[in-house]
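In what follows, a single structure is set out as structure tokens and then discussed.
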Amino acid sequence: MLVFTTHSEVRSFLKDKKKSIGLVPTMGALHKGHVSLVEKAAQENEWIIVSIFVNPTQFNNPEDLLKYPKSLEEDKFLLAPFKKKLILYVPQSKDLYPEKLVSKTYNFGGLEKHMEGAFREEHFNGVATVVESLFRKLHPNKAYFGEKDFQQLQIIRALNSQLDLQIEIIGCPIIREDDGLAMSSRNSLLSPAQRKSVPIIFKTLQEIIAHQKEWNISKMETYFRRSIEKESQLKVEYFFVAKTSNLIPVKQIEKEKFHRIFVAVFAGKTRLIDTVELGIL
Ligand code: PAF
């Protein structure tokens, strides 16, 4: 597998190869969810670039940044099956932020205002800054992102069209453990007791979906909070139902429109998010 630490090395390696390039941006601590993105990129492109960079500007909490799991050797092992067509790009901050390690300010017309945008100040400015830098420096044809971070995915689509970067953005389904827990690098930070209790998040979301015709949103939220907080280690940070088109939370479900539930739950100090689609009424 080719490993580069600067975008100029990546670019000069790919320079004469008029091939399609799929980019999978990550912060490392890879799991099967990331592997599913790499698999899709491998099916659709001649070359895949996987970037590993823990982006400081998207962390609103310094402790969270310090604790973020790092496992470069295990990551390389997981990527080994793709090594014939894979470039691993592991930059230092200077390569992506040549001037100052600060985020730019973007306006995504409201997509960035709620859920993660409201609870993690500056988070999406940080994500958009690093993704813009990756796109401009690596020139991929396609880029792959998981739907677990659905709000991030929609913001990256908006970034791409606002700046006319002409990259095809591919959203890929959430990959879950057998017990329903959405795969996330942060899962490795859970204690054994927390790990045992967190499948209740997806289980409760499924129960809500099963009752979506009878329950209003306030009942859904009360049910979610009660069910999660029965577990002593878990605390709900937010529960929202938002319209898929604009990601604005609603109090009532509109007929014939797509909606999703978005939740954030703390298991001790580890923060987990999840999202599911509600069926059309
Ligand atoms: O989803 C992530 O892992 C990060 O937010 C991303 C897109 C790699 C930007 O740092």
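The structure displayed is predicted, hence computed values, not measured ones. Just so you know, ligand 1 is whichever comes first in the structure, and atom 1 is the first atom listed for that ligand.
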Do the rings of Phe59 and Tyr68 sit parallel, tilted or perpendicular, given the 30° and 60° boundaries?
perpendicular
Could you go through ligand 1 and note, for every N or O atom, any protein N or O atom closer than 3.5 angstrom, writing the atom names and distance to 0.1 Å, or 'none'?
from: ligand 1; atom 1: 1 (O); to: Gln152; atom 2: NE2; distance (Å): 2.9
from: ligand 1; atom 1: 5 (O); to: Gln58; atom 2: NE2; distance (Å): 2.9
from: ligand 1; atom 1: 5 (O); to: Gln152; atom 2: OE1; distance (Å): 2.7
from: ligand 1; atom 1: 10 (O); to: Gln58; atom 2: OE1; distance (Å): 2.7

Trp47 vs Phe13 aromatic rings, parallel, tilted or perpendicular, using cut-offs 30° and 60°?
perpendicular
Sequence neighbours excluded, every pair satisfying side-chain hydrogen bond (donor to acceptor under 3.5 Å, both in side chains) that has a member inside residues 208-217
none
So that I know where these two stand, are Phe240 and Phe262 an aromatic pair - ring centroids less than 6.0 Å apart?
no
Evaluation steps, side-chain hydrogen bond (donor to acceptor under 3.5 Å, both in side chains), between Asn60 and His123:
CA-CA 6 Å; Asn60 56 325; His123 172 65; over 6 Å; no
Under 3.5 Å, side chain of Glu9 to main-chain N/O of Thr6, donor-acceptor pair present?
yes
